[in-house]
Every structure is written in C-alpha cells, then in structure tokens.
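Remarks on the structure that follows.
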Amino acid sequence: MFRLLNVQGRAALQAGDQWHDLAALSGDASLADPMAAVARHEELHAHQAATEGRAADGEVDASQLLPCVPSPAKVFAIGLNYQSHAAESAMELPPAPLTFTKFPSCLVGPNADVVLSGAAVDWEVELVVAIGTGGRNIAEADAWNHVAGLTLGQDISDRVVQLTGKPPQFSLGKSYDTYGPIGPALVSVDSFPDRDAIELWCDVDTERKQHGTSADLIFPIAHLVSYLSGICTLQPGDLIFTGTPDGVGMASGTFLTEGQVIHSGAAVIGELHNRCVAG
Ligand code: ZN
C-alpha cells in the first residue's frame with residue numbers, strides 16, 4: 001500500500017497526518033519527481049513500509065499540495081459512464097466509452113481555487129485512474145496490473161462551451177485552467193477493500209449534490225484501460241477521469257457562483273475543497 005503526495009513539487013509518501021520526502025526516504029534523488037514516482041509505483045510499497053519508525057519530514061497541509069500526478073502526457077475523460085447521469089442528461093447510453101480529453105494544463109491541487117469562466121460552470125466528482133505501467137492492447141484481465149493507483153478529481157465543465165455546436169466537442173469546455181482539481185493523494189489499488197466499488201460524493205457549500213459508487217460504472221475501470229490502450233499507447237502517469245454519477249448542476253439549472261466551495265470526497269482517497277472565484 002502507498003499514498004503518494006506532491007508537496008510543493010516533490011514526491012512524498014503520506015503516513016497518517018505526516019509526510020516523508022520520497023527522495024530522502026529512499027536515498028534516490030530521482031524519486032523527488034512525482035512523475036518518476038508514479039512510473040516506479042511498484043517500488044513505492046516498500047518505501048511506504050520504511051516510513052514506519054522514521055522521523056517524518058512534515059505535517060500534511062492541504063494548502064501545500066499540488067496535483068499528485070502533475071504532468072501526464074494524456075488525460076482522458078469519460079462521459080455518461082453512470083446510468084443515473086445519462087438519464088438526468090436525457091442522453092442515450094453510449095455503445096462504447098464516450099471519450100474526450102481534459103488538457104493537462106487544467107490540473108490543479110486538491111485545495112486550489114476554481115476560476116469561473118462564465119455563468120454555467122458545473123461540478124462533476126469522479127474517480128481518476130493513474131496508469132503506472134504503460135502498454136498497448138492491454139487485456140481487460142490484465143488491466144489493473146497497469147494501474148498505479150486511484151485519486152479523486154473534479155471534471156469542472158463550462159456547459160455553454162462544452163455544448164456549443166452540433167455535434168458538440170467537449171474537450172475545451174472542460175479544459176479551462178483550474179478545471180481539473182485532483183488529489184489529495186494517489187492511493188495504491190491494494191488500499192481499497194473493493195477496487196470496483198468505491199463511494200464518492202460532492203457537496204456545494206453545505207448541500208449534498210452527488211453521492212454514488214463506482215460499482216455503478218457502465219464501463220468499469222478495467223474495461224476503460226483495455227479499451228483506451230487499444231487505440232493509444234498508454235504511458236506511466238496518463239490519467240483517466242472515469243465519469244460522474246447523477247446530481248450535476250445542469251440537471252436542475254443551478255451552476256457555480258463566486259464564493260461557493262466545492263467539497264468532493266471518496267472513500268479511502270480523501271477530500272478536495274475548491275473555492276470558486278471570479279474569472
Ligand atoms: Zn465528467
């Protein structure tokens with residue numbers, strides 16, 4: 001098991017409320033880079049075990065955390081991957097994973113501000129897969145062996161930009177700077193009691209908006225990894241936003257406004273807290 005953090009640009013392992021600098025812990029300076037740490041995910045279990053009894057390098061302070069996977073080559077995102085969300089969107093269930101991209105420059109840390117781009121900006125809490133071992137044409141039965149871990153994300157969406165045109169092209173409306181908060185940690189797959197049934201939720205201020213479980217994914221994680229690898233070579237650090245359950249703002253015509261705080265959470269992984277600020 002491991003919990004990988006990005007503390008002000010350096011890879012760290014979380015133990016309770018404290019963190020251990022990965023390069024210092026391992027004696028390997030190249031592991032200071034969070035992307036190198038993701039690519040060497042198999043080694044992180046032993047380094048996590050070595051935090052036991054070691055003096056920590058700091059207390060976890062969410063305001064110091066940057067994206068646990070800061071510079072992926074690719075960020076895939078899957079639309080309409082929960083039946084409940086497809087229904088509230090009045091859209092047909094897709095015959096294959098409905099895939100768009102969030103350009104990596106949208107990624108921010110777990111407590112970063114979200115800079116609103118307009119009057120129809122929406123929340124979408126999602127589990128996010130980080131590829132650890134790359135590959136092409138990965139079999140579904142082998143897919144989890146290619147996953148470094150899971151984190152939590154918000155697929156923030158400008159609905160006007162997302163849905164303009166016929167057919168609409170989702171990627172730019174979901175790629176404004178700050179529209180991809182992730183974190184707080186990249187959590188190894190073996191940390192979850194059931195990797196295919198992870199509870200997640202989203203509150204805006206004090207109101208519960210979304211509450212679901214990844215057991216309801218139409219295309220489960222192993223299928224997504226296999227499907228995408230049949231088209232693109234997957235590389236260590238590539239991210240997959242796996243889709244959102246029902247309860248987005250668009251369904252009721254309520255959108256984010258300046259000063260609101262989006263609180264997202266997932267079992268085992270932890271929470272994101274993102275304040276909305278004016279663009
Ligand atoms: Zn989404």
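Order of appearance sets the numbers: ligands from 1, and atoms from 1 within every ligand. This one's a predicted model, so the numbers in the text were calculated from it and none came from an experiment.
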request  = Specify the closest pair of heavy atoms between Gly109 and Pro181, including all atoms of both residues, with the distance to one decimal.
outcome  =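 So the minimum-distance heavy-atom pair works out to O-CB, 3.9 Å.
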
key: Nearest atoms (heavy-atom pairs only) where Thr233 meets Lys74   =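 For Thr233 and Lys74, the tightest heavy-atom pair comes out as O-NZ, 2.8 Å.
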
Hey, is [X] close enough to [Y] for a salt bridge, meaning N to O under 4.0 Å?
X      : Y      : answer
Asp28  : Arg40  : yes
Lys209 : Glu207 : yes
Arg208 : Asp205 : no

inquiry  = Return all protein N, O or S atoms below 2.8 Å from the Zn ion (ligand 1), chain by chain in residue order.
reply    =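 Hits for the Zn ion (ligand 1) below 2.8 Å: Glu124 OE1, Glu126 OE2, Asp155 OD2.
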
task = For the residue pair Tyr176 and Tyr179, categorise the inter-ring angle as parallel (less than 30°), tilted (30 to 60°) or perpendicular (more than 60°).
result =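 Geometry flag for Tyr179 against Tyr176: tilted rings.
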
